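Below is one structure, written out as structure tokens, with a few remarks after it.
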Number of protein chains: 2
Amino acid sequence: MNTTADTPKLRLEPFKVACSSCNLRELCLPVGLNRENLDRLDSLVATRRQVARGDTLFRAGDEFQSLYAVRTGFFKTCVSSEDGRDQVTGFQMAGELLGLDGISTDNHTCDAVALEDSQVCVIPYEQLEGLSREFSELQHQFHKIMSREIVRDHGVMLLLGSMRAEERLAAFLLNLTQRLQARGFSASALILRMTREEIGSYLGLKLETVSRTFSKFQDDGILDVKQRQIRILDQDKLQSLVNGTNC
Amino acid sequence: MNTTADTPKLRLEPFKVACSSCNLRELCLPVGLNRENLDRLDSLVATRRQVARGDTLFRAGDEFQSLYAVRTGFFKTCVSSEDGRDQVTGFQMAGELLGLDGISTDNHTCDAVALEDSQVCVIPYEQLEGLSREFSELQHQFHKIMSREIVRDHGVMLLLGSMRAEERLAAFLLNLTQRLQARGFSASALILRMTREEIGSYLGLKLETVSRTFSKFQDDGILDVKQRQIRILDQDKLQSLVNGTNC
DNA sequence: CGGCGATTTGATTCTAGTCAACCCTAGTGG
DNA sequence: CCACTAGGGTTGACTAGAATCAAATCGCCG
């Protein structure tokens, strides 16, 4: 969950930074594009946007115009029902796309909130459609990203529908560390960017239950928990909670 | 949930039936296509497949090659974790697409099982990508369908993460009748094609809880429940359960 | 230093899960 | 035609796990 977001250097980078030179290009939209096509994508993804911690990138109801690729920082997305209930539907880190929900009705259906000072690449959607008609690699990669989101959501449904609190938290932590590891961070230490309440909302638990479960993992020697700093002491035991291996 | 599936007439239709003459064209992939483009889509969606009740259209792990549009009948999709837990992720009726999950890894990630004798249109995916590069209406409609699936999944996450049993079942029934109504069926009477256990799996409840909740709705005068035949007696009360209006 | 939001922990309640028995209904075969 | 059976469904008694309510503590920021 550490990103380079908090190094002041980033702020001084030129406003335009090309996909072709982005260190996330192996994780983000450009996967599988050759040099020529990368250059064309660059011309599309021309602008960046800073989003300060706590600010929203977009809200439910906002007109949908662009997708956003997280460049640095960390986001949550949440939907809410008429009666005020709300549900965190995901946490997004560098290289992940935000805004796919907006395509269906031309309006966003969830809020995207920055959990730390963040920077996103703005991808005008109409232009993306246009470009992806021109070269199939981009088209295919974009479809894969949408499909992956669907598969991810099904995984969350499995978690919410059939796992107990400990299993949910274990699965959540393993998922986070896996994604962090893919970005070059440690697999065993992380700093949570979200509150217990946000974790709880994502996992379908109350914040007290999240807190208790962290404490239990600490007691069991699985984790070292210091507020939002987490160290995984026993990866195997965590994994076995998800698998149900030792139940 | 009544479709024309059980009229023997259908079986005698020619094997090829065009999207352009399909009565689902306002719900399915062809939305927004003009006549010329419809004809081109027809050439792509050339084959049908019958799936008998209880049979699988595809299984998790199967190679992904095609999407499927439900023409008649009713399906469920379910994912399962390594340890055997499984979760129904959706129920699909006429005009809805199956198989979107497969794009992400070129393998399906869930099982699609027919809950009644069904017929699907086979949409070869590579060809769909090709055609949607050629005309933007198809491309856009396809993207909308994927996005709608993501939005739908977020709704289910909200349901699983924050609703109580009664609210879940009420939301489920309202969603079903809404979709049936869009297909010309009654908004107040339906026949469930799935077992209590399958409903429970979808809603994150045990089958006993589903059964008890049906009974309670019956006692409260909200529903008339005769096995799988449901009649909605008090739509407003059902709606208010979802909204939390009268809690 | 004071205050606030976030977190932890304890005590209690309540919802849904578990286990078990029984009941329908449709389909089977004598 | 009817008894038999199996699978799905209902209901009851009890339990477990998470929610709720409440209080105390921590850590950060002005």
Side-chain angles (χ1 to χ4, degrees), chain A residues 6 52-54 76 85-88 113 115-117 159-173 191-220 223-230 241 244 247, chain B residues 1 6 52-54 74 76 85-88 113 115-117 159-173 191-220 223-230 241 244 247:
Chain A
D6 32 14
R53 173 188 169 135
K76 69 170 177 179
R85 245 189 290 252
D86 73 300
Q87 172 77 23
V88 172
V113 181
L115 297 183
E116 59 179 339
D117 291 346
L159 178 147
L160 291 171
S162 70
M163 292 186 173
R164 287 176 308 106
E166 289 181 27
E167 300 169 329
R168 293 183 197 194
L169 189 61
F172 169 71
L173 291 171
I191 296 174
L192 301 174
R193 291 283 121 109
M194 68 294 278
T195 66
R196 301 291 190 257
E197 186 168 17
E198 286 161 339
I199 297 173
S201 172
Y202 182 61
L203 298 178
L205 302 170
K206 292 293 160 186
L207 70 94
E208 295 94 328
T209 305
V210 174
S211 177
R212 271 185 247 277
T213 309
F214 270 125
S215 299
K216 176 160 192 314
F217 284 174
Q218 171 130 271
D219 292 347
D220 294 352
L223 296 181
D224 182 40
V225 182
K226 283 210 189 70
Q227 300 289 120
R228 298 193 183 183
Q229 296 179 65
I230 310 289
L241 275 169
C247 303
Chain B
M1 207 133 334
D6 32 12
R53 174 188 168 133
F74 204 81
K76 69 169 178 180
R85 244 188 292 252
D86 75 300
Q87 171 78 22
V88 172
V113 181
L115 297 183
E116 59 180 340
D117 291 346
L159 179 147
L160 291 171
S162 70
M163 291 187 174
R164 285 175 310 104
E166 290 182 29
E167 300 168 329
R168 293 183 197 194
L169 189 62
F172 170 70
L173 291 171
I191 297 174
L192 301 174
R193 292 282 120 111
M194 67 294 277
T195 66
R196 302 288 191 256
E197 186 169 16
E198 286 160 340
I199 296 172
S201 171
Y202 182 61
L203 298 178
L205 302 170
K206 292 295 160 185
L207 69 93
E208 293 95 330
T209 304
V210 174
S211 177
R212 270 184 246 275
T213 309
F214 270 124
S215 299
K216 176 160 193 313
F217 284 173
Q218 172 130 271
D219 293 347
D220 293 353
L223 297 182
D224 182 42
V225 182
K226 283 209 189 70
Q227 301 290 119
R228 297 193 183 182
Q229 297 179 64
I230 310 290
L241 276 169
C247 303

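Keep in mind that what you see is a predicted model, and the values were worked out from it rather than measured. Letters A, B, ... mirror the listed sequences (proteins, then strands); counts begin at 1.
Of the residues in residues 207-215 of chain B, those placing a heavy atom less than 4.0 Å from an atom of DNA chain D are L207(B), E208(B), S211(B), R212(B), S215(B), in numerical order.
Atom CE of M194(B) and atom P of dG9(D) are 11 Å apart (whole Å). Between the NZ atom of K216(A) and the P atom of dA18(D) there is a distance of 11 Å, rounded to whole Å. Taking atom CG of L160(A) as the reference point, atom P of dA18(D) lies 13 Å away to the nearest angstrom. Taking atom CZ of R85(A) as the reference point, atom C1' of dA19(D) lies 14 Å away to the nearest angstrom. Look at CD1 on I191(A): it is 12 Å from P on dC28(D), rounded to the nearest Å. Between the CD atom of Q229(A) and the P atom of dC26(D) there is a distance of 17 Å, rounded to whole Å. Distance CD (Q218(B)) to P (dT11(D)): 8 Å, rounded to an integer number of Å. Atom CG in L241(A) sits about 15 Å away from atom C1' in dG17(D), given to the nearest Å.
Around atom CD of E197(A), no more than 12 heavy atoms belonging to other residues, nucleotides or ligands sit under 6.0 Å away.
Atom NZ in K216(B) sits 14.0 Å away from atom OG in S211(B) (nearest 0.5 Å). Within the model, atoms OG1 of T213(A) and CD of E208(A) stand 11.0 Å from one another, a figure rounded to the nearest 0.5 Å. Rounding to the nearest 0.5 Å places CD of Q87(A) at 6.0 Å from CG of L160(A). For the atom pair CD1 (I199(A)) and OG1 (T209(A)), the distance works out to 12.5 Å, reported to the nearest 0.5 Å. Rounding to the nearest 0.5 Å gives a distance of 12.0 Å between CE of M163(A) and CG of L169(A).
When side chains are defined from C-beta on, V113(B) does not count as touching E198(B), because their heavy atoms never get closer than 4.5 Å. Side-chain contact between R196(B) and F214(B): present, with at least one pair of heavy atoms (C-beta onward) separated by less than 4.5 Å.
A nucleotide of DNA chain C counts as in contact with chain B when one of its atoms lies under 4.0 Å from a heavy atom; the first and last such, 5' to 3', are dA16(C) to dC19(C).
Within 4.0 Å of G204(B), counting heavy atoms only, lie sugar-phosphate atoms of the nucleic acid but no base atom. Contact annotation for R228(A): backbone-only contact, meaning every heavy-atom pair under 4.0 Å involves sugar-phosphate atoms and none involves a base.
Each of Q227(A) and A165(A) was matched to the nucleotide of DNA chain D holding its nearest heavy atom; the match closer to the 5' end belongs to A165(A).
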Which atom pairs, donor and acceptor, lie under 3.5 Å between side-chain atoms of residues 223-230 of chain A and protein residues at least two apart or in another chain?
none

